[in-house]
Amino acid sequence: MFAFLNTHGSELITKTWEQLYISAIALGLGVIAAVPLGILLTRFPKTAKVVIGIASMLQTVPSLALLALMIPLFGIGKVPAIVALFIYSLLPILRNTYIGMEDVDPVLIDAAKGMGMTAMQSIRQVEVPLAMPVIMAGIRLSAIYVIAWATLASYIGAGGLGDLIFNGLNLFQPDLIIGGTIPVTILALVIDWLLGRLEYHLTPVSERA
Amino acid sequence: MPEEQPMVQFKDVEKVYQGGNVAVEHINLEIHKGEFVCLIGTSGSGKTTTMRMINRMLEPSDGQILFNGKDIHKIDAVKLRRQIGYVIQNIGLMPHMTIYENITIVPKLLKWPEEKRRKKAKEMVDLVELPEDYLDRYPSELSGGQQQRIGVIRALAANQDLILMDEPYGALDPITREALQELIKNLQEKLGKTVVFVTHDMDEALKLATQIVVMDHGHIIQNATPTELLTHPANKFVENLVGQDRLVQARADVTTVEQIMLKNPAAITPGKSLAEAISLMRKRRVDTLLVTDDENHLKGFIDLESLETRYQSATSVGDITKSSIFYVNKNALLRDTADRILKRGFKYVPVVDNDQKLVGIVTRASLVDAVYDTIWGENEDYQASDSAKESATPTDQEPATDSAAADDREAPKEV
Ligand SMILES: Nc1ncnc2c1ncn2[C@@H]1O[C@H](COP(=O)(O)OP(=O)(O)O)[C@@H](O)[C@H]1O
Ligand SMILES: [Mg+2]
């Protein structure tokens, strides 16, 4: 163990950082795109079905295939990896945002409107706060997917902990495989815990579980 | 004086929902400042639709609605809604906001400074007699009745003059409901608010309203004060909605003593001799004479008993007149008078006008007739069963008269 850390310690840190960095950007973009889109879709229920359908379809494309598809478009490296992971992150966030918003009691939306809130004020002050636990559940789910799948990004030269794992596979070095896998798991757990804290703070006091 | 401008005016308003469902049609309605207007009717009659067009939660398909003389279509919907309080049946308190935040939603939208909002919120909870520390609680920590109190004051917090309430108390138990009816009525009177209140409960409407608008199938069937509605229901539909019990009661409620009194009471002036008194009693076959002065002012009475015992010592009617006498004004309501006569056991009560002049008399026998008439008289629709009629009829048999009358106006219904 110590021997492993001695020889691979600094590599481990850079690779973990790369993994985190790729995942975070992909997830961040996913949130920025999918949350507003999910909210927007609640105003257009018919379009919503189509859009969520398309997102579900993208989700079923095998991850390696999706990564490979990125090469002709973006070449190799971090950019195509981030784009692919971003696409993967969309569906859970989009679906949960949509469901969370749809689940807000229509009576409350009616009351908000009746008191003179604009559509935007109603969304920000009433609907999003009430939908927050469901939206956050979608984001947390996406975060775990993205961190796990970022491992595969090493295939198209994006770096990350996948480098260690694939090296281990190629060179028949189980310690490299394990040394790469454990940090992925720890990373996923830590990020989920952090998002849990964030969720707690974003959720209105009365709605906290 | 120019006619006061209505606060809200519907001009031939119609609402057709998608799919061609005509919810309301030809709605013409004026709501004046300070009125408590109840929209009443069966489910689906268009009450909610009518109300929600006032704050532009729904747009009319045709016609025009004026708010303080201005076409609401020309007022920004958001601004309009901030001027009009809105209370819904499900209360609609925001579960994620504290009571303070809930109450001050509209003041906040209107950008009142925090200090002013805080002050207003305190004032409001005081108004509905809830402790101020409730301001920091969440709606789920309050009972249903308390929540609806907050719902009501939330609609008042930005000093709205007009409050719309859609069956606000439908989900509450009867006791809480009554307390809240009291509350809104008091607030409306005390603060001079105008209220439009949707209900399907006639008791509630009669209790609260100054103006009742009866709706059916998207039309206004009658627009009247509660008294008018009770005494002159526009048609069979309104009669049914009001209910026979209330109509009967209403007729008793508005009948005055003058309408049922006997107009030739046996009376005598104080200067007359006792012999004249006795002869008058004999002629009129009564045991009591009312005593009036020359201008016919009621002074008291004499009865056979005192006539007999004091025949030797007294000479004139004035000597034996008893001045303590129970009488009623001719404008008094029959229902109150009947209660008094029956409860106190008077055989008769003299009736006077506003100048204390004797104008008539109500006897127990005339009461029985009156009660009988108000229940079964006039309108043949209310034909009672024959048995009930018979037992109430024999007004000239003393025992029957007394028992029938003593049970108040409900009595004949029970036999
Ligand atoms: N959104 C809607 N779409 C279509 N029809 C509606 C809608 N809302 C109400 N209606 C119809 O309009 C009529 C009046 O409804 P409403 O105003 O809610 O009556 P009320 O409040 O007196 O029960 C009913 O026939 C109802 O079915
Ligand atoms: Mg309704």
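Naming convention: chains lettered A, B, ... in sequence-line order (proteins, then strands); numbering from 1 in each chain.
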K.L.:
Compute the ring centroids of B:Tyr169 and B:Phe197, then answer whether they are less than 6.0 Å apart.
P.N.:
yes
K.L.:
Given the ring of B:Tyr100, does B:Arg118 sit roughly above its face, with NZ or CZ under 6.0 Å from the centre of the six-membered ring and within 45° of the axis?
P.N.:
yes
K.L.:
So which part of B:Leu110 gets closer than 4.5 Å to some heavy atom of chain A, the side chain, the backbone, both or neither?
P.N.:
neither
K.L.:
Any side-chain donor-acceptor pair under 3.5 Å between B:Asp136 and B:Thr98?
P.N.:
no
K.L.:
Relative to chain B, which of A:Ile109, A:Asp110, A:Thr203 shows the most heavy atom pairs under 4.5 Å?
P.N.:
A:Asp110
K.L.:
Which bit of B:Arg52 comes within less than 4.5 Å of chain A, counting heavy atoms only: side chain, backbone, both or neither?
P.N.:
side chain
K.L.:
Under a 3.5 Å threshold, yes or no: a donor from one side chain and an acceptor from the other, between B:Arg149 and B:Tyr134?
P.N.:
no
K.L.:
With a 4.5 angstrom heavy-atom cut-off, is it the side chain or the backbone of A:Asp105 that approaches chain B, or both, or neither?
P.N.:
neither
K.L.:
If only atom types and distance count, is the side chain of B:Lys47 paired as donor or acceptor with the main-chain N or O of B:Thr42 below 3.5 Å?
P.N.:
yes
K.L.:
With chain A, which of B:Leu164, B:Asp76, B:Val87, B:Ile105 has the greatest number of heavy-atom pairs at distances under 4.5 Å?
P.N.:
B:Ile105
